[in-house]
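First comes the structure, then the notes that go with it.
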Amino acid sequence: MQPLAEGLRLPTNGLDYAILAIYFVVVLGIGFMARASVRTSLDFFLSGRSLPAWVTGLAFVAANLGATEILGMAATGAEYGVAVVHWYWIGAIPAMVFLGLVMMPFYYRSKVRSVPEFLLQRFDRSAHLLSSVLFAFAAILIAGVNLYALSIVVEALLGWPQWVAIVVAGLFVLVYITIGGLSSAIYNEVLQFFVILAALIPLTVLGLKRVGGWDAMSDALSQQHGGDFMTAWGGTGIGDPNPLGANWLTIILGLGFVLSFGYWTTNFAEVQRALSAKNLSAARRTPLIAAFPKIFIVFAVMIPGLVAAVIVPRIGTPDSGLTYNDAIPLLMQELLPNGVLGIAVTGLLAAFMAGMAANVSSFNTVFTTDIWQRYVVKDQPDTYYLRFGRLITAIGVLASIGTAFIAASFSNIMSYLQTLFSFFNVPMFVVFIIGMFWKRASMKSGVWGLVAGTTAAMVNYFWIYRGGVIDIPTDQGANFVSAIVGFVAGAVVMVAVTLFTAPKPEAELAGLVYGTESPSPDEELEEADRAWYRKPALLGWGAIVLAAACYLPYSF
């Protein structure tokens, strides 16, 4: 992510800083209040599986409202136009619905504490250990993205030195997660969700007013960039050149299926929120409840990017002095009065802290329960793992500070994140999906599917794309192709290994493979789902229909 333009320093005053200080006090207060509920390691890592669906649902979507969502998606809107909706209505909603309707019963009924632990039950220890190590590594890298992005934004907007911003943000995340565990992170994410919206909605409304409304903005951008800029599918025919560097096939398969399902269904930073729900019904409804605000959040990040492209027609070029990442800060400087400006700055900080906290809290769970407790120090009292969980949280934050600077080598943070997802989430998804729907998949096929998928995606990106073996126009297009290659390679290897190795005994697959009965039927779920408004299927299909209705105006 390129540093923001020096001229975007905001005219903050005492009122803005007071709002920011109040927010930090409230964040720490929530952490100390949550401490009272942390008595066991289950309380610390999964909130004792006690939270209501509306809380976990808002936390689910807030955990995703990090660096990518706020700056990255607005930058994508300024650069590519309305095509940014693909990351929401194709690249999120269907996968979130699939997670709630199909995959959450497998996760929740198996009583796993993490996503890798499910692979232990379905495959074997080697698949479990490899997936745990890969996920822990990826979580720290992604947490570092949020921390780095936060630091350069604060440096540019408020004038704080970058190292001060990193230390302050990292310290606050460390304190409230270490004290209150996942409950503290989740309740703070609910607060952060509303703070983020309070920052983005004024920018969207005032921005549209500044450029004369949607029609005037659309006319101006169509004249500047051509008619395809204000359509979702324009110029995406196979062989047609377009700024996104991807055609409709790679968008649907690479983003809409492989990357999307790989992220939303196996990324423990998201799934952990659903696993903390009080029962299976609440767990299934968590991603479905989150899908509804996710449908509309695209407008709050896309429109500011489009408005910025109107205000500064040459944004992103050397002549303008502004990068695409400057879209949100530019509008904050141009449109917001003091007070509202303080809320907007607080919203940006909340977004980055939510993204970092989600990954740090998932990292401490996986490292403690899946690596340390199972393979390093076994059979200790629960209090030992609770103390170790707090210690590894501190180590995770320190490691995130280090990985934050890896993100500096990438010019676009969203491209960097999509690269990480193609390396780590996609191979895990192919192992999950085959393991859940193919009873014959052998125990050894899991680990080899992970190895093949991760290796193939990396080879495609670093050798075939970066090495110039095949010409792919953009990093985004290369990420879509890498995801497809990783998925296909993992699937082929899993099938091949299965043909020559022993399957898991059928008696051990109950509740782990689609179509097999759970060993402990959930009568509470059946009772809870009788009311129509609590049925996950209705919520899920409602989200898909609503997303399709939103998509219709942009499909032509």
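Quick caveat, the model's predicted, so the values are computed rather than measured.
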### Query
With Phe432, which of Phe106, Phe118, Trp438 fulfils ring-ring contact (aromatic ring centres under 6.0 Å, His included)?
Phe118
With rounding to the nearest 0.5 angstrom, report the [atom1] to [atom2] distance, [X] to [Y].
{"X": "Met104", "Y": "Leu275", "atom1": "CE", "atom2": "CG", "result": "4.5 Å"}
{"X": "Ile70", "Y": "Leu200", "atom1": "CD1", "atom2": "CG", "result": "4.5 Å"}
{"X": "Thr346", "Y": "Tyr17", "atom1": "OG1", "atom2": "OH", "result": "11.0 Å"}
{"X": "Asp382", "Y": "Leu386", "atom1": "CG", "atom2": "CG", "result": "6.5 Å"}
{"X": "His128", "Y": "Leu119", "atom1": "NE2", "atom2": "CG", "result": "8.0 Å"}
{"X": "Thr454", "Y": "Phe424", "atom1": "OG1", "atom2": "CZ", "result": "7.0 Å"}

Please confirm whether the backbone N or O of [Y] pairs with a side-chain atom of [X], one donor and one acceptor, at under 3.5 Å?
{"X": "Lys504", "Y": "Phe123", "value": "yes"}
{"X": "Ser362", "Y": "Asn359", "value": "yes"}
{"X": "Thr403", "Y": "Ser400", "value": "yes"}
{"X": "Tyr384", "Y": "Val377", "value": "no"}
{"X": "Arg374", "Y": "Asp370", "value": "no"}

Non-hydrogen atoms of [X] and [Y] that approach each other most closely:
{"X": "Leu259", "Y": "Asn479", "result": "CD1-O, 4.2 Å"}
{"X": "Gly453", "Y": "Pro427", "result": "C-CG, 3.5 Å"}
{"X": "Arg122", "Y": "Gly435", "result": "NE-O, 2.7 Å"}
{"X": "Tyr263", "Y": "Glu270", "result": "OH-OE2, 2.9 Å"}
{"X": "Ser482", "Y": "Ser422", "result": "CB-OG, 4.1 Å"}
{"X": "Arg440", "Y": "Thr498", "result": "NH2-O, 3.1 Å"}

### Criterion side chain to side chain contact (heavy atoms under 4.5 Å, CB included) on Ile142 and Phe363, from CA distance to verdict
CA-CA 11 Å; Ile142 296 171; Phe363 164 79; over 6 Å; no
### Task
Could you please spell out the steps behind the side chain to side chain donor-acceptor pair (under 3.5 Å) verdict for Asp124 and Ser126?
CA-CA 6 Å; Asp124 61 6; Ser126 56; 2.8 Å; yes
### Query
What is the ring orientation for Phe257 with Phe261, classed by angle as parallel under 30°, tilted 30 to 60°, or perpendicular over 60°?
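Answer is tilted, since the angle falls between 30° and 60°.
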### Query
When the ring planes of Phe388 and Trp372 are compared, do they come out parallel, tilted or perpendicular, using 30° and 60° as the limits?
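The rings of Phe388 and Trp372 lie parallel, inter-plane angle below 30°.
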### Query
Could you walk me through whether Phe98 and Ile433 pass the side chain to side chain contact (heavy atoms under 4.5 Å, CB included) check?
CA-CA 11 Å; Phe98 183 81; Ile433 205 70; 3.7 Å; yes
### Message
Are there over 12 heavy-atom neighbours, none belonging to Glu506, within less than 6.0 Å of that residue's CD?
### Response
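Not buried by this count: 12 neighbours or fewer within 6.0 Å.
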### Task
Report yes if the distance between the aromatic ring centroids of Phe60 and Trp264 is under 6.0 Å, otherwise no.
yes
### Query
Looking at Phe462 versus Phe423, is the centre-to-centre ring distance below 6.0 Å?
yes
Does the side chain of [X] reach to within under 4.5 Å of the side chain of [Y], using non-hydrogen atoms?
{"X": "Leu99", "Y": "Tyr107", "answer": "yes"}
{"X": "Arg284", "Y": "Pro105", "answer": "yes"}
{"X": "Pro293", "Y": "Phe193", "answer": "yes"}

### Task
Apply the test side chain to side chain contact (heavy atoms under 4.5 Å, CB included) to residues Val26 and Leu191: give CA-CA distance (whole Å), side-chain angles for both, the deciding distance (0.1 Å), then the verdict.
CA-CA 9 Å; Val26 172; Leu191 169 66; 3.7 Å; yes
### Message
Using side chain to side chain donor-acceptor pair (under 3.5 Å), reason through Glu117 and Thr369 one step at a time and then give a plain yes or no.
### Response
CA-CA 9 Å; Glu117 192 173 350; Thr369 63; 5.0 Å; no
### Message
If you apply the rule side chain to side chain contact (heavy atoms under 4.5 Å, CB included), what do you find for Met96 with Phe292, and how did you get there?
### Response
CA-CA 10 Å; Met96 295 168 76; Phe292 284 92; over 6 Å; no
